[in-house]
Amino acid sequence: MSFSSDVKEELVHLSGHELHCVVAELAAVISFSARVHCSESSGYLIALETENIAVAKRFYLLLKKAFRFQPKVVVSQHESGKKSHIFAISVEGAANVLQVLKTTGLMNNRGQMDEEEYLTDNPILRRTCCRRAFLRGAFLAAGSVTDPERNYHFEITCVDGRKAEQLKDFMQFFGLEAKIVLRKKYHVVYLKEGSMISDALSIMEAHVAMMKFENIRIVKDVRNSVNRRVNCEAANINKTVSAARKQIEDIEYIRKTVGLDKLPENLRDVAYARLEEPEAALKELGEMLHPPVGKSGVNHRLRKLGQMAQHLREGGRI
Ligand SMILES: [Zn+2]
């Protein structure tokens, strides 16, 4: 199963919420993915069609918990002949449909379906617990989250831009800084930052998934910082090695042209030490000398040898 379906599976098994939260979660599921007909001409219907049996079950149970009536359930084969099924959960009849729409605040007091300010000014979303439930419902209905091993991405799909903007502001309430991108005809509200996705999981009460997400995130962070350090150390080692190689070339050049014995004692000692220990660090070379010399002293002498070699190469004499 994908990480996304693991999260949904966990969410659909949450229970013990107050009725106000049940209503808020229902409102989100309806608002984000149900088909609603509500007029004399088109009839009265609220229908959720999903391939995800867990989401279908959740919607069914929430409806039963919040209202007395029995929702209708239809299971059908996928048209394309895929193995999956489509689960349709619906509420029919004017009285029931109106009751659901009014209770969830999807229909205003004047009997109009008005989603203009639905998420910004809605009495059913006053409590924080209900806001959490709403986010959970929206995610169950239209959301997904990528396996953190692959990528950090959390999204909820909206059918129109106005709703996407509202959802973005709504998520801001929890400190979730979402962005919106247009994908085909959908407006997708998404989170990209690991810490925010982790917060979102926790807000929706997917605590098991959140722990799993966090564990992977910690391992990834450690791995990244180790990689960075290894790369950095490797770069330093390369630098040291190529500097030493250049020093040896210079010393060899001096030996072949004028001989190391012609050098002043302090330079000669360092030259021999370097030839003896091609990979030693400057500090170690310094410790080989009598009397020992500090790192900067060694560096100074090696530079001097380098300048001499250069001078000789250019036809100069010592
Ligand atoms: Zn509540």
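Keep in mind that the numbers below use all heavy atoms, side chains included, and drop hydrogens, waters and symmetry copies. Every number for a ligand or one of its atoms is a count from 1 in the order of the listing. If you're wondering where the values come from, they're calculated on a predicted model, not measured in any experiment.
- Legend: ring pair (Phe, Tyr, Trp, His ring centres under 6.0 Å) pairs involving residues 209-245, not counting sequence neighbours, sorted by first then second residue: Tyr152-Phe213.
- The two residues Arg132 and Ser202 come nearest to each other via the heavy atoms NH2-O, 3.6 Å.
- Within the protein, the number of N, O or S atoms lying under 2.8 Å from the Zn ion (ligand 1) is 4.
- The ring pair (Phe, Tyr, Trp, His ring centres under 6.0 Å) test applied to Tyr253 returns no partner, not counting sequence neighbours.
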Side-chain donor-acceptor contacts of residues 272-281 below 3.5 Å, not counting sequence neighbours, with atom names and distances?
residue: Arg274; atom: NE; partner: Gln247; partner atom: OE1; Å: 2.8
residue: Arg274; atom: NH1; partner: Glu277; partner atom: O; Å: 2.9
residue: Arg274; atom: NH1; partner: Pro278; partner atom: O; Å: 3.2
residue: Arg274; atom: NH1; partner: Ala280; partner atom: O; Å: 3.0
residue: Arg274; atom: NH2; partner: Gln247; partner atom: OE1; Å: 3.0
residue: Arg274; atom: NH2; partner: Ala280; partner atom: O; Å: 3.2

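- Relative orientation of the Phe87 and His85 rings is tilted, given thresholds of 30° and 60° on the angle between their planes.
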Problem - Arg183 vs Glu155, side chain to side chain contact (heavy atoms under 4.5 Å, CB included): CA-CA, chis, key distance, verdict - result: CA-CA 12 Å; Arg183 192 188 300 146; Glu155 68 173 45; 2.8 Å; yes
